[in-house]
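In what follows, a structure is listed as structure tokens, so that the remarks can point back to it.
We name chains A, B, ... by the order of the sequence lines, and we start the count at 1 in each one.
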2 protein chains.
Amino acid sequence: MSARQMKLGAFLMATGHHVAAWRHPQVPADAGLDFQHYRHLAQVAEAGCFDTLFLADSVAAATGDSASQMARSDHFEPLTLLSALSVVTERIGLISTVTTSYNEPYHVARQFASLDHLSGGRAGWNLVTSDAAAEAGNFGRDEHIGHAERYSRAREFHQVVTGLWDSWSADAFVRDKASGQYYDPAGRRELNHVGDHFKVKGPLNVARSPQGRPVVVQAGSSEAGRALAARTADVIFTAQPSLTAAQAFYADLKNRAATFGRSADELKIMPGVFVVVGETQALAQAKFEAFQDLVQPEVGVALLGRMLGNFDLSGYPLDGPLPELPLTDSGQRSRQQLLSELAEREHLNLAQLGRRIAGGRGHFSLIGTAAQIADQLQLWFQNGAADGFNVLVPHLPGGLEDFARQVVPELQRRGLFRTHYTGTTLREHLGLPEINGR
Amino acid sequence: MSARQMKLGAFLMATGHHVAAWRHPQVPADAGLDFQHYRHLAQVAEAGCFDTLFLADSVAAATGDSASQMARSDHFEPLTLLSALSVVTERIGLISTVTTSYNEPYHVARQFASLDHLSGGRAGWNLVTSDAAAEAGNFGRDEHIGHAERYSRAREFHQVVTGLWDSWSADAFVRDKASGQYYDPAGRRELNHVGDHFKVKGPLNVARSPQGRPVVVQAGSSEAGRALAARTADVIFTAQPSLTAAQAFYADLKNRAATFGRSADELKIMPGVFVVVGETQALAQAKFEAFQDLVQPEVGVALLGRMLGNFDLSGYPLDGPLPELPLTDSGQRSRQQLLSELAEREHLNLAQLGRRIAGGRGHFSLIGTAAQIADQLQLWFQNGAADGFNVLVPHLPGGLEDFARQVVPELQRRGLFRTHYTGTTLREHLGLPEINGR
Ligand SMILES: Cc1cc2nc3c(=O)[nH]c(=O)nc-3n(C[C@H](O)[C@H](O)[C@H](O)COP(=O)(O)O)c2cc1C
Ligand SMILES: Cc1cc2nc3c(=O)[nH]c(=O)nc-3n(C[C@H](O)[C@H](O)[C@H](O)COP(=O)(O)O)c2cc1C
């Protein structure tokens, strides 16, 4: 099977992507801190031949009026969780989000290198600059770092991390018992990085990891975000509301990559897709509505405020219109525009708009049968909109089980997705070039 | 069995505590990055009813002339490793060293809380202020933070971390599906810490962990180190060369604890003990000598320089005396004194002194039969020198297997050590008070 096949990531957000998922009778409300829950999810995804698990993150508790918001941030710290999951899985990639805005590159380089060793080459880092301004308060600051500075820091952070990953050549550690030579000094590279944001000597205190460099994912969509991703990312995770928008984004990013001398294949674009599967279209819709009916208006509105750029909308009437909001630098400009257009077009009040985004949160949404869903994924995949998808489901574990057992086989029948793993590392699954560690 | 019993920690340093362990034919030289190796060690220790595993750490690669030094720092990052080990163990405690000098308290609080959830209440943090000056260079500094400032930072760091662990009461997360109430606001405590070193808002984005507060271990032995430990530590790890020194240290720390209103039982003192077990005394000695014979003189001297406070001794003749060294603030003053006295008393040249510390590294050393070793441990335990021991073995896995299978049964026969676990959390194993999370 040499035809191009799509990549799939399983986005695991504790109870699921739908903001009210935790209230659903089939969902364990304490899933975020239940290791057996995650073990099951990982094994379902691996049985479904997914390329990777994908964990979002934030280094602050959810804020906002509604107590319910906390349901989205009461979960394991992702690197400890993925390390534990590495033991109960064999092939699937393990990607965690870690922000460059409130971390030190040495720790981040080291933890991902360690996870890469633990997992035999399955680690990936989703580099974000943080969308939650609340994080600043946990790291000595009154205000979120500004957008431009976040990205300038991110760029340098990425340089330092990859430089540290290259500290040792693949054959540096000879560990020769007879002579007592542990490593060959020719394979040791001190970094001696000095930049605007960081000064890091190196080398890393971990031997070169199986992938050489763990996979780097990015999810920014501003101008600065795209520029960084085109230059440095292996994978882009993005929220695209429609086929045309996705095509434009895809073409833009592949073109930008080319200007950095990168081939189109070196950069995989994986939009998020929110999926609800049913035996019939009507059953899928009913399944979805059951979650919608659990959305508390204040919770939907709080989520909306967060998506629009960390606004507190709790003072506005639920049955009133979306208020005029100043543009923020939280990278949500296009989303603001999109949502205010939507509200106007469909005459949605604040509560209705909150309810509207409670499931997909701005990602492309598919509610239907396995065949209908496969049709759409195929359409995007074969028409320059995606190299694969990050699959977001309303609830866990149910939604992932549905996708793995119904949609995956349909994609496999069409030759669009692997029926078994052929490689062992995440780079191999994704078809990314090997990194030469000599 | 209600008599007082000793606590045991298994100190796992990749290939073992002996600096030349990796060269030994029975030792896997790449053990530091072999998860199956650690899985085996953890399971051996758990079968031996050890209270805990214990991982040392440093956030810099070993430096020094000798390539061999790197053997001691080529290993997994400890929190990722312990997270993975939590999955393949059920009862044993999981303690990792993390420095307060080059970290942010929010990350540290969160990772240990997450490990505590993953492991069902088995996490412990060995709070150190870093003895390796090389760490500074990986975190934007030219010089190591000074001793006094390290401890003032450590004190505040501990306050912030424990404050964050207390962010949520044990019953805060009601997760009531019917009403949609995820948590009870009365159980949420924002920290709003503002101090000399940190400003941290909180709360933590993890529910209260099973132990409430993971166990805190400390290992400083300077005046500042003792003061901090007496006030805040649950366990003290210490290097004591003799029974009288250990008794003095034990009495001092228990007295200091009392001045902070703490009972003697709230602070467990566990000196390190370097152990080589053999069927006979002569066989044990021969086993030890096999490691000694693998010590390269430059490697022993490099280790010596590190132990004396990060000195580069490579310029001094191997057959010359230990040079006069300035007192440093790396907290090694008493060790400097001890070692220069030893060199003088026994007329050891530099290479011989390096060889002398290559195994035990300043810890109390026992080389003999299981009964002889048990005699000494009993003596310390019953004479005000120790509440238990951190067991350091020359090589892994062999040395740990020897201890677990020969010394542990001997201690059990004497009623000095448990024959099975009675609790499930590390606090329960150690007999530490429960932390009230209401
Ligand atoms: C699909 C997607 C997923 C994201 N996931 C996270 C996340 O888990 N944590 C986070 O802090 N930011 C996340 N972000 C935020 C971005 O990485 C970035 O910090 C923010 O969007 C601002 O960047 P921009 O202006 O380039 O869009 C995500 C963004 C997108 C589009
Ligand atoms: C038994 C023992 C074990 C230690 N383990 C570590 C370690 O793993 N990593 C580290 O950075 N420092 C370690 N230290 C160093 C101390 O925590 C402390 O940073 C250093 O000794 C200076 O403190 P002091 O002046 O109070 O002794 C250890 C010290 C002792 C006595």
Measure distances from [X] to the heavy atoms of chain A and classify the residue's part below 4.5 Å as side chain, backbone, both or neither.
| X | result |
| --- | --- |
| B:Ala20 | neither |
| B:Asp116 | neither |
| B:Asp30 | both |
| B:Phe76 | both |

Open item on the list: Is there a side-chain contact between B:Leu82 and B:Leu85 in this structure, where contact means two heavy atoms from C-beta onward sitting under 4.5 Å apart?
Closed with: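 Answer yes - side chains close enough.
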Pick one of side chain, backbone, both or neither for [X], based on which atoms fall under 4.5 Å of a heavy atom in chain B.
| X | value |
| --- | --- |
| A:Val88 | side chain |
| A:His24 | backbone |
| A:Ala134 | neither |
| A:Leu81 | both |
| A:Pro105 | neither |
| A:Ser179 | backbone |
| A:Leu204 | backbone |
| A:Asp176 | backbone |
| A:Phe173 | side chain |
| A:Ser58 | backbone |
| A:Gln111 | both |

Output the option from [options] having the highest count of non-hydrogen pairs under 4.5 Å with chain B.
| options | answer |
| --- | --- |
| A:His75, A:His107, A:Arg39 | A:His107 |
| A:Phe139, A:Tyr38, A:Tyr102 | A:Phe139 |
| A:Ser209, A:Ser114, A:Ala207, A:Ala136 | A:Ser114 |
| A:Leu164, A:Val200, A:Thr80, A:Val27 | A:Thr80 |
| A:Leu79, A:Asn192, A:Val194, A:Asn103 | A:Asn103 |

Open item on the list: For A:Glu143, I'd like to know if atom CD has over 12 heavy atoms of other residues, nucleotides or ligands within 6.0 Å.
Closed with: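 Incorrect, the count does not exceed 12.
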Open item on the list: With a 6.0 Å cut-off (strictly less than), is the heavy-atom count around CD of B:Glu90, excluding the residue itself, greater than 12?
Closed with: no
Is there a donor-acceptor contact under 3.5 Å from the side chain of [X] to the main chain of [Y]?
| X | Y | answer |
| --- | --- | --- |
| A:Arg153 | A:Ile145 | no |
| B:Arg188 | B:Pro203 | no |
| A:Arg189 | A:Asp166 | yes |
| B:Lys201 | A:Ala60 | no |

May I ask you to name which of [options] has the most heavy-atom pairs under 4.5 Å with chain A?
| options | value |
| --- | --- |
| B:Asp34, B:Leu115, B:Asp57, B:Leu294 | B:Asp57 |
| B:Arg110, B:His117, B:Glu104, B:Arg141 | B:Arg110 |
| B:Gly140, B:Ala113, B:Pro25 | B:Gly140 |

Say you draw a straight line from [atom1] of [X] to [atom2] of [Y]; how long is it, rounded to the nearest 0.5 Å?
| X | Y | atom1 | atom2 | result |
| --- | --- | --- | --- | --- |
| A:Leu318 | A:Glu298 | CG | CD | 6.5 Å |
| B:His144 | B:Asp131 | NE2 | CG | 7.0 Å |
| A:Asp196 | A:Glu156 | CG | CD | 5.5 Å |
| A:Thr15 | A:Leu396 | OG1 | CG | 7.0 Å |

Task: Parallel, tilted or perpendicular, as decided by the 30° and 60° cut-offs, for the rings of A:Phe157 and A:Phe198 - done: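 Because their plane-to-plane angle is over 60°, the rings of A:Phe198 and A:Phe157 count as perpendicular.
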- [ ] Quick one: sort the B:His18 and B:Phe291 rings into parallel, tilted or perpendicular, breaks at 30° and 60°.
- [x] tilted
Open item on the list: Could you go through B:Asn138 and B:Val59, starting from their C-alpha distance and side-chain angles, then the distance that decides it, and tell me whether this counts as side-chain contact (heavy atoms from CB on, under 4.5 Å)?
Closed with: CA-CA 8 Å; B:Asn138 293 327; B:Val59 283; 5.8 Å; no
